[in-house]
Amino acid sequence: MMTMVFDIASLFYLLLFGKVMEAMFSFKINTECKLPPIGYGTYKSVGGDCTAIFREALRQGYRYIDTASFYGNEVEIGTAIKESGLKRTDLLLASKVWKTEMGYDETLRAAEHSLSRLGTDYLDLYLIHWPRPDLQMSEWEKLDRETWRAMERLLDEGVLRAIGVSNFLPHHIENLAVTGNVAPAVNQIEFHPGYPQLETVAYCHTQNILPQAWSPLGRTRVLAHPLIQTLSENYGKTPAQICLNYALMHGVMPLPKASSPERMRENLDAASFSMEAEDVAVLDEMETVGWSGLHPDKERAFTV
């Protein structure tokens, strides 16, 4: 079985305007591949000038780009990478197989289509986007295992460098182990102050799975919370940086979105400090705020 090691150590992460930024956090997944402290999320970044935005994210120093077939922006990301002048080996690229693409043969085709749209012959990480296509499906366990079997094949063939899951709770992950030979490298979940899913995070760490955070800013609803505002003042950091650092302090890799160069730089700088344990503990106890209402085993709930 593959192993994952999380270490809080100095990482010479990126070059910004000719300067080396020393980050306090780094991640290593179970392929021994090193991941930067903060990745770039691309959900809902479609149409318009998104290619230019993705190109700017690469220029600002992002080296981990997260997308999915469902996002509808793989072509634009591939174009931005090509126009950036970066070598493919200089960055990490992740995508996901959508609910309607699951199954053994279907996943093989879905991965091929994503590779074609992104203009690459391999993915650094490929995830199952959701564990259940719908709540009425009685044989989701079998479907997940067949999807995982296809991903293990692509991993063996070198088309995928690592495989993982998204929005999986512990019982979904344990289902894969029934027939799987490879443990997930990551589990991407909704994580932010006000909805940290700490039980799932703790489970992932015990199983050597790196948790990643989608919506690490709680769809920006968390930013105005009085506690976040107070910590922002105390640390001299923005509310967004407090939220992102909160993820890092829990050993969770955040994947924030940003369209302006200023916000891109601000998000990257969230890895330049660490909060006190007492402040992290207080954030753990926040009431539910900013939750999307999405849950892998329940109908969509009211958002908060």
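Quick note: residue numbers are just sequence positions, from 1.
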- Message: Between Glu106 and Thr100 (side chain of the first, backbone of the second, donor and acceptor by atom type, cut-off under 3.5 Å), is there such a pair?
- Response: no
- On the 0 to 90° scale, with breaks at 30° and 60°, tag the Phe54-Tyr40 ring pair as parallel, tilted or perpendicular. perpendicular
- Item | Cation-pi geometry met for Arg88 and Tyr122 (6.0 Å, 45°) | yes
- Note on the structure: Rounded to the nearest 0.5 Å, the CZ atom of Arg149 sits from the CG atom of Leu176 at a distance of 13.5 Å
- Item | Straight-line distance of Met264 CE to Leu58 CG, nearest 0.5 Å | 9.0 Å
- Query: Should the heavy atoms of other residues, nucleotides or ligands under 6.0 Å from NZ of Lys82 be counted, would the total exceed 12?
  - Reply: no
- Residue pair Val165 / Leu127: nearest heavy atoms and the distance that separates them: N-CD2, 3.7 Å
- Query: If you take all heavy atoms of Leu223 and Cys243, which pair is closest and at what distance?
  - Reply: CD2-SG, 3.9 Å
- Query: Considering all heavy atoms of both residues, which atom of Pro254 and which atom of Leu244 are nearest to each other, and what is their separation?
  - Reply: CB-CD2, 3.7 Å
- Query: Any sub-3.5 Å donor-acceptor pair from Thr42's side-chain atoms to Ser45's backbone N or O?
  - Reply: no
- Could you check Leu155 against Tyr126 for side chain to side chain contact (heavy atoms under 4.5 Å, CB included), going step by step and ending with a plain yes or no? CA-CA 9 Å; Leu155 183 69; Tyr126 196 52; over 6 Å; no
- Message: Taking CD in Glu199 as the centre, count heavy atoms belonging to other residues, nucleotides or ligands within less than 6.0 Å. Is the count above 12?
- Response: no
- Message: With a 6.0 Å cut-off (strictly less than), is the heavy-atom count around CD of Glu299, excluding the residue itself, greater than 12?
- Response: no
- Item | Main-chain N/O of Gly180 paired with Arg145 side-chain donor or acceptor, under 3.5 Å | no
- Message: Checking Asp279 against Tyr235: is there a side-chain donor and acceptor pair closer than 3.5 Å?
- Response: yes
- Message: Under a 3.5 Å distance rule, please check whether Thr147 uses its side chain to pair with a backbone N or O of Leu143 as donor and acceptor.
- Response: yes
- Item | Heavy-atom side-chain proximity of Tyr62 to Asn267 below 4.5 angstrom | yes
- Honestly curious: do Leu35 and Val201 fall in one hydrophobic cluster under the side-chain, below-4.5 Å linking rule? yes
- Donor-acceptor contact below 3.5 Å, side chain Asp124 vs main chain Ala94: no
- Item | Test: Arg109 and Glu112 ion pair at under 4.0 Å | no
- With distance as the sole criterion, is a donor-acceptor pair present between the side chains of Trp214 and Asn167 under 3.5 Å? yes
- Query: Can Glu152 and Ile163 be said to form a side chain to side chain contact (heavy atoms under 4.5 Å, CB included), step by step?
  - Reply: CA-CA 8 Å; Glu152 288 188 339; Ile163 55 178; 3.9 Å; yes
- Evaluate whether atom CZ of Arg132 has more than 12 neighbouring non-hydrogen atoms of other residues, nucleotides or ligands under 6.0 angstrom away. yes
- Message: For residues Tyr43 and Leu217: do they belong to one hydrophobic cluster (side chain heavy atoms under 4.5 Å, members Ile, Leu, Val, Met, Phe, Trp, Tyr)?
- Response: no
- Flag the pair Asn187 / Gln207 as yes when at least one side-chain heavy-atom distance between them is below 4.5 Å, and no otherwise. no
- Message: Tell me whether His205 contacts the main-chain N or O of His250 through its side chain, where contact means a donor paired with an acceptor under 3.5 Å.
- Response: yes
- At what distance, to the nearest 0.5 angstrom, does CD of Glu262 lie from CD of Gln60? 8.0 Å
- Do Gln229 and Glu233 meet the criterion of a side-chain donor-acceptor pair at a distance under 3.5 Å? no
- Query: Are any non-hydrogen side-chain atoms of Met249 and Phe25 less than 4.5 angstrom apart?
  - Reply: yes
- Task: Taking all heavy atoms of Pro193 and all of Val222, pick out the closest pair and write down the distance.
- Result: O-CG2, 3.4 Å
- Task: Tell me whether Phe273 is reachable from Leu231 by hopping between hydrophobic residues (I, L, V, M, F, W, Y) whose side-chain heavy atoms are closer than 4.5 Å.
- Result: yes
- Note on the structure: Rounded to the nearest 0.5 angstrom, the CG-CD distance for Leu169 and Gln197 is 6.5 Å
- Is the shortest heavy-atom distance from the side chain of Pro261 to the side chain of Arg265 under 4.5 Å? yes
- Gap between atom CD of Glu190 and atom CH2 of Trp291 - 0.5 Å precision: 8.0 Å
- Item | Straight-line distance of Leu227 CG to Glu285 CD, nearest 0.5 Å | 11.0 Å
- Item | Residue pair Ile81 / Leu86, side-chain heavy-atom distance below 4.5 Å | no
- Query: Where is the tightest heavy-atom contact between Ala213 and Phe191, given as atom of each residue plus distance?
  - Reply: CB-CB, 3.7 Å
- Item | Evaluation steps, side chain to side chain donor-acceptor pair (under 3.5 Å), between Thr67 and Glu74 | CA-CA 7 Å; Thr67 185; Glu74 290 176 316; 5.0 Å; no
- Mark yes or no for whether Thr107, through its side chain, and Met102, through its backbone, hold a donor-acceptor pair below 3.5 Å. no
- Message: Tell me if a side-chain donor or acceptor on Asn73 pairs with a main-chain N or O of Glu76 at a distance below 3.5 Å.
- Response: no
- Test side-chain hydrogen bond (donor to acceptor under 3.5 Å, both in side chains) applied to Ser69 and His129, Arg117, Glu101, the passing residue: Glu101
- Query: What closest approach, in Å, do Arg263 and Ala258 show between heavy atoms, and which atom pair accounts for it?
  - Reply: CB-CB, 3.8 Å
- Query: Using the ring of each side chain (for Trp, its six-membered ring), is His172 parallel, tilted or perpendicular to Trp140, with breaks at 30° and 60°?
  - Reply: perpendicular
- Message: Looking only at the side chains, is there a donor atom on one of Asp66 and Gln212 sitting less than 3.5 Å from an acceptor on the other?
- Response: no
- Message: According to a hydrophobic-cluster definition based on side-chain heavy atoms being under 4.5 Å apart (Ile, Leu, Val, Met, Phe, Trp, Tyr only), do Leu115 and Phe70 belong together?
- Response: no
- Task: List the steps, then state whether side chain to side chain contact (heavy atoms under 4.5 Å, CB included) holds for Trp130 with Asp144.
- Result: CA-CA 9 Å; Trp130 285 90; Asp144 281 6; over 6 Å; no
- ILVMFWY network linking Ile189 to Leu294, side-chain heavy atoms under 4.5 angstrom: no
- Compare all side-chain heavy atoms of Pro184 with those of Trp148 and state whether any distance is below 4.5 angstrom. yes
- Query: Mind checking whether Arg153 and Tyr104 have side chains closer than 4.5 Å, heavy atoms only?
  - Reply: yes
- Would you check, one step at a time, whether the test side chain to side chain contact (heavy atoms under 4.5 Å, CB included) holds for Tyr195 with Val304? CA-CA 10 Å; Tyr195 194 71; Val304 289; over 6 Å; no
- Would you check if Leu154 and Leu123 make a side-chain contact, meaning some heavy-atom pair closer than 4.5 Å? no
- Item | Sidechain-backbone polar pair: Thr79 side chain, Val75 backbone, donor-acceptor under 3.5 Å | yes
